[in-house]
Undergrad: 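Quick one: this structure, given as C-alpha cells, is what I'll be asking you about.
Residue numbers begin at 1 in each chain, while the letters A, B, ... track the order of the sequences.
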There are 2 protein chains.
Amino acid sequence: MEEIRDTNKKPSEPVPRRVRISDLAQALGLTKSTVSRALNNYSDISPETRERVARVAAEMGYAPMPYAQAVRTGRVRALGLVLELDAPDRYGPFLTDFLGGITQEASLEGWTLTIASSNSREEMEDTVTRLLQEHKVDGFILPRTQVVDPRVKFLQAKHVPFVLFGRTGHGQPDPGLSWYDVDGEGAMRAAVARLAGFGHRRIAFAGSHASYNFALLRRDGYREGLEEAGLPFDPALEVMEISDRSEGAQAARDLLDLPNPPTAIVYSTDATALGAYDVARERGLTIGRDLSIISYDGIPEGRMVDPPLTTFAVDSQHAGARLASLLIAQLRGAPPGELTELVAAQLEPGGSDGPPVDP
Amino acid sequence: MEEIRDTNKKPSEPVPRRVRISDLAQALGLTKSTVSRALNNYSDISPETRERVARVAAEMGYAPMPYAQAVRTGRVRALGLVLELDAPDRYGPFLTDFLGGITQEASLEGWTLTIASSNSREEMEDTVTRLLQEHKVDGFILPRTQVVDPRVKFLQAKHVPFVLFGRTGHGQPDPGLSWYDVDGEGAMRAAVARLAGFGHRRIAFAGSHASYNFALLRRDGYREGLEEAGLPFDPALEVMEISDRSEGAQAARDLLDLPNPPTAIVYSTDATALGAYDVARERGLTIGRDLSIISYDGIPEGRMVDPPLTTFAVDSQHAGARLASLLIAQLRGAPPGELTELVAAQLEPGGSDGPPVDP
DNA sequence: CGGCTTTACGAAATCGGTTTCGTTAACCTA
DNA sequence: TAGGTTAACGAAACCGATTTCGTAAAGCCG
C-alpha cells in the first residue's frame, strides 16, 4: 500500500516504553478496571487496595495519558486563552507575568494552557468554536472584559465554562459568572484621597475607553473619591478615551490649558500617565511639584522615569494564578456564581505626587 | 413561521450532538474504516469514493476529534512553548506578537499551541517531561537560544522534535537542528557601516550577556563592521553584559568618560540603548548630534523617545509564524537540518544618529 | 477459460483508558 | 439456617478514531 501520508516514527527506540494502566494492573495482579477505579477513588475499592495501587503506580511512574482519558470522559484538563491581537495596548508588559501565573497554577493541578489568538471578534468566535469542536480545551479564561461582553453570551450559549479577568455589567456584576478583578475603583478613590490629603483641590482624571468595564469602574472611583474628599465634580476635569502615551500627553495639555487648570491628574493607566512627563518637559514643569500624577497598573517603565511614577500596581501573576484556580474549580463542579474574587491594587509611592505649590 | 420555543423547560439539548465518523459512515453507506482511510488519503480508496466522502464530510460538518486520533497515532497536533520566567527581560513587549504569530500560523494548519512556564532550568525540564509524558504536545519551540543550550541536548536525548528561535554554537551552527533567526550580525555590521558613512571614527559597542548566542553574533557583526569600514578595533570601546536600561546608561557614562571617547554607540538592544538618553539628559548632550545611537529590536518605546531611536527592527510575529511552520514541517517528516531560516532585521531610521560634530 | 493480480472495500483488532454490569464470598438479618 | 445485603473485584462494553488483515469482484495473461 502506497502511503502519501506523514512518515512514521523514528527507527531507533531508546525511549523507555511508557507504562500503561495494563502494565500497572499486571504488576499488581489486578485488572485494569479495578486499577482505574482505585486511582479515581471509586467507593467500591477497599482502602488497602486503593493505597497499594497508588503506591505501586508511583513506584512505576505511571501517569495516565490525558488524551486516552479524554476519549471517554470528554475532558482534557486544558484551559483555553484567546489573545486579542487587536487590543489597544497589546497587553503591554503584563503578558509574561499573566501567562506565568496561569501556567504555574495550572501545572500544580495537572492542567495545561492552550492559547489561540484573534484579530477580530469574528475570528475569536471561530477560534473558540474550533477549539471546542476539537475538544482541545475544557474552559476559557477571558481577559479584558467589556461592559457588555459579547464573549459571555457566546460561551454561555455553548454551555462552556469560563472565568473573566474583570467584571462585566459595570455597577451590577452579572450574576452567575465567575470572575477575578482588581479593585480599580477603590484604587482611584484612594488616589484622589491621597492627593486631597496633600492639599490638592483641583484634581483631574484621564480615563480609558468607556467600552471597557475597568474604565467605567475607575472613573466611578475618581468621582467617589472627590465626593468623599468634599471636592466638587467638574466635568471639564474628566476626560475619557485616552489609550496611549501620546493621547495621555494631549490630555495633559488640554487640562493644563484650562482657565482654571488642575494641580493633579489621576490617570487610568501608567502608559497614558507617561504622556504627562512629556508635557512637563515641554513646558518646564516639575512632576511631583508643579503637577502631581498618580496612575494605575505598575508597569516597569514607571519606575524608571524621573521622578518615579506613583501608581497602584496590579499583580498580573497572581491574577493569572487565581483565574486558573477559579476555572479549574468550576470545571470540577463548583457553581460559577460563587467563584468571584476582588483584590486590592497595591500603592507604589513614587515621586510623581506631592503637595501643590501655592500660587 | 413555526416558532421554536427556547424555554428553560428542556435543558437536555444544549449542544447539537457532534458528528462522529460512524455517523458519517452510516450516511455514506460505508464502514468507518473506509471513511477513515478515505479521509486520510490512503491509496486503496477509489478517487470517486474519496471525493464523495470528502464532500459529505464537509456537508455534515464532520471534524475528527484530535484526542481520539491521538490515542492511536500518538500525535496531538499541538506545539509546545516553555516560557522562561527568569529571563532577564521577560520577553519585553514582543511576547504578544510572537504568540500571535505562532498561533495564527498553527491555526491555519489545524494545530494549537500549549504553553508552560518555568522559573529555572530544572523546572523547565520537569515541565517538558510532564508535557511529553502526558502527550500534550508533539514538539517544542525554544526561544532565546544560548551558545551551548542545555535544552537542545535534553530534547535530543528524548527524541522530541523542536525548533529554535536563534541559532546555537555561535560561529558554527550545530548541524541537524531546525532554527529561525534574525541576522543580528548583519544588522550590527550595517549599523557600523551607517555610522562610518556619517563620518564617525570612534564607534563603541554595548552588548548583552555572552551566554546568549545572539549576543556573540551581534558583537561579531560590530567587529566585522569596523573592519569593513577600515576602522581599528579598540577593546576599550567594546563592553558586554549589558542587560537593562540602567546598565545601558552606566555603559554610556563609562564610554564617554574615556580619555578618547566614542562619538557613537551601537547597542545590542533597544532597552539598553534607552539608557544613553538618560545620560545625554544628565550631561546636556543632544542624541543624534553630540552622540549617535543605533540599536536593535524595534521596541515601541524607541519610537516615543526624543529623538526617535534608530534601530534594526525584528518582526516577532513573523518569527512566531515561521517557527510554527518549521516545526509543523518537521513533525510531518521533513529532515530537521534542512529547516533553517535567516532573515534580515529592518532598519528603522530615527533621529538618534547622524554626522558627528567636529571637535 | 482457469489461475493470478489488483482494486476497493468490510470486518475486526487496536490505542489507553473509563464505566457498566455481573459475580463471588463474606456479612447480616430474622 | 435460609435468604438478602454488601463489599470488593473481574469481565466486557465503550469512547472515537486508526490500522491491519481478509476477501469478493474485476482485470489481466496466456
Undergrad: Measuring from the side chain of B:M65 (C-beta onward, heavy atoms only), which nucleotide among C:dG16, C:dG17, D:dA17 has the closest atom?
TA: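 Nearest to the side chain of B:M65 among the choices is D:dA17.
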
Undergrad: With a 4.0 Å cutoff (strictly under), does any side-chain N or O of B:T34 reach OP1 or OP2 of C:dG10?
TA: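 The answer is yes; a side-chain N or O of B:T34 sits under 4.0 Å from OP1 or OP2.
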
Undergrad: Expressed as a whole number of angstroms, how long is the span from A:I45:CD1 to C:dT20:P?
TA: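 After rounding, the reported distance stands at 14 Å.
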
Undergrad: Please tell me which of the listed nucleotides, C:dT20, D:dG16, C:dG17, lies nearest to the side chain of A:V71?
TA: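 So the side chain of A:V71 is nearest to D:dG16.
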
Undergrad: Are B:F140 and B:F162 near enough that their ring centres are under 6.0 Å apart?
TA: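 No: the rings miss the under 6.0 Å criterion.
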
Undergrad: If you compare every side-chain N and O of B:S22 against the phosphate oxygens of D:dG16 (OP1, OP2), does one of them come in below 4.0 Å?
TA: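 For D:dG16, neither OP1 nor OP2 has a side-chain N or O of B:S22 closer than 4.0 Å.
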
Undergrad: What integer distance in Å separates A:Y67:OH from C:dT18:P?
TA: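 About 16 Å, once rounded to whole Å.
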
Undergrad: For A:L24 and C:dG17, what is the distance between atoms CG and C1' respectively, to the nearest whole Å?
TA: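 Distance, rounded to whole Å: 12 Å.
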
Undergrad: Testing the 3.5 Å rule here: is there a donor-acceptor pair between the side chains of B:T49 and B:S46?
TA: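 Yes, a side-chain donor-acceptor pair sits under 3.5 Å.
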
Undergrad: State, to 0.1 Å, how close A:W111 and A:A78 come at their nearest heavy-atom pair, and which atoms those are.
TA: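 Closest heavy-atom pair between A:W111 and A:A78: CE3-N, 3.4 Å.
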
Undergrad: Report the distance from atom CD of A:Q69 to atom C1' of D:dC14, rounded to the nearest whole Å.
TA: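 Between C1' of D:dC14 and CD of A:Q69: 15 Å.
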
Undergrad: Mind checking A:S46 for me? I need base, sugar-phosphate or nothing, with any heavy atom below 4.0 Å counting as a touch.
TA: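 Sugar-phosphate: the residue A:S46, judged by heavy atoms under 4.0 Å, touches backbone atoms but no base.
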
Undergrad: C:dC9, D:dA17, D:dG10: which one has an atom nearest the side-chain heavy atoms of B:I21?
TA: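 It is D:dA17.
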
Undergrad: Without decimals, in angstroms, what is the distance between A:D44 CG and C:dT24 C1'?
TA: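 One finds 14 Å between C1' of C:dT24 and CG of A:D44, rounded.
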
Undergrad: Strictly below 4.0 Å, N to O, side chains only: are A:R77 and A:D138 in salt-bridge contact?
TA: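 No, no charged N to carboxylate O under 4.0 Å.
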
Undergrad: Could you state the CG-P distance from A:L28 to D:dA8, rounded to the nearest angstrom?
TA: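 The distance from CG of A:L28 to P of D:dA8 comes to 17 Å, rounded to the nearest Å.
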
Undergrad: Please check if any side-chain donor atom of B:H318 sits under 3.5 Å from a side-chain acceptor atom of B:Y180, or the reverse.
TA: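 Looking only at side-chain atoms, B:Y180 and B:H318 do form a donor-acceptor pair, the distance falling under 3.5 Å.
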
Undergrad: For A:R72 and D:dC14, is the shortest distance between a side-chain N/O and OP1 or OP2 below 4.0 Å?
TA: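 For A:R72, the contact criterion (side-chain N or O under 4.0 Å from OP1 or OP2 of D:dC14) is not met.
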
Undergrad: Using a 4.0 Å heavy-atom cut-off across all strands, classify A:Y42 as base, sugar-phosphate, or nothing.
TA: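 Sugar-phosphate only.
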
Undergrad: Is there a donor and acceptor pair closer than 3.5 Å between the side chain of B:R37 and the base of D:dT20?
TA: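 Side chain to base: pair present.
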
Undergrad: Taking only the side-chain heavy atoms of B:T73 (C-beta and beyond), determine which of D:dA17, D:dA11, D:dT19 contains the nearest atom.
TA: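 Out of D:dA17, D:dA11, D:dT19, the nucleotide with an atom closest to B:T73's side chain is D:dT19.
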
Undergrad: When you check the phosphate oxygens OP1 and OP2 of D:dC9, does a side-chain N or O of A:T49 lie under 4.0 Å from one of them?
TA: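 Yes, because at least one side-chain N or O of A:T49 sits under 4.0 Å from OP1 or OP2 of D:dC9.
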
Undergrad: Ignoring backbone atoms, test whether B:Y62 places a side-chain nitrogen or oxygen under 4.0 Å from the OP1 or OP2 oxygen of D:dA17.
TA: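 Checking B:Y62 against D:dA17: at least one side-chain N or O falls below 4.0 Å of OP1 or OP2.
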
Undergrad: Whole angstrom is fine here: how far is it from CG in A:N41 over to C1' in C:dT18?
TA: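 Going from A:N41 (CG) to C:dT18 (C1'), I get 14 Å.
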
Undergrad: Calculate the interatomic distance between B:R50 atom CZ and C:dT7 atom P; express it in whole Å.
TA: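 My rounded result for the distance is 13 Å.
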
Undergrad: Given D:dC9, is OP1 or OP2 found less than 4.0 Å from the side-chain N or O atoms of A:S33?
TA: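 For D:dC9, neither OP1 nor OP2 has a side-chain N or O of A:S33 closer than 4.0 Å.
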
Undergrad: Indicate yes or no: does A:E123 engage A:R130 in a salt bridge with an N to O separation below 4.0 Å.
TA: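 Judged by the 4.0 Å cut-off on N to carboxylate O distance, A:E123 and A:R130 do not form a salt bridge.
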
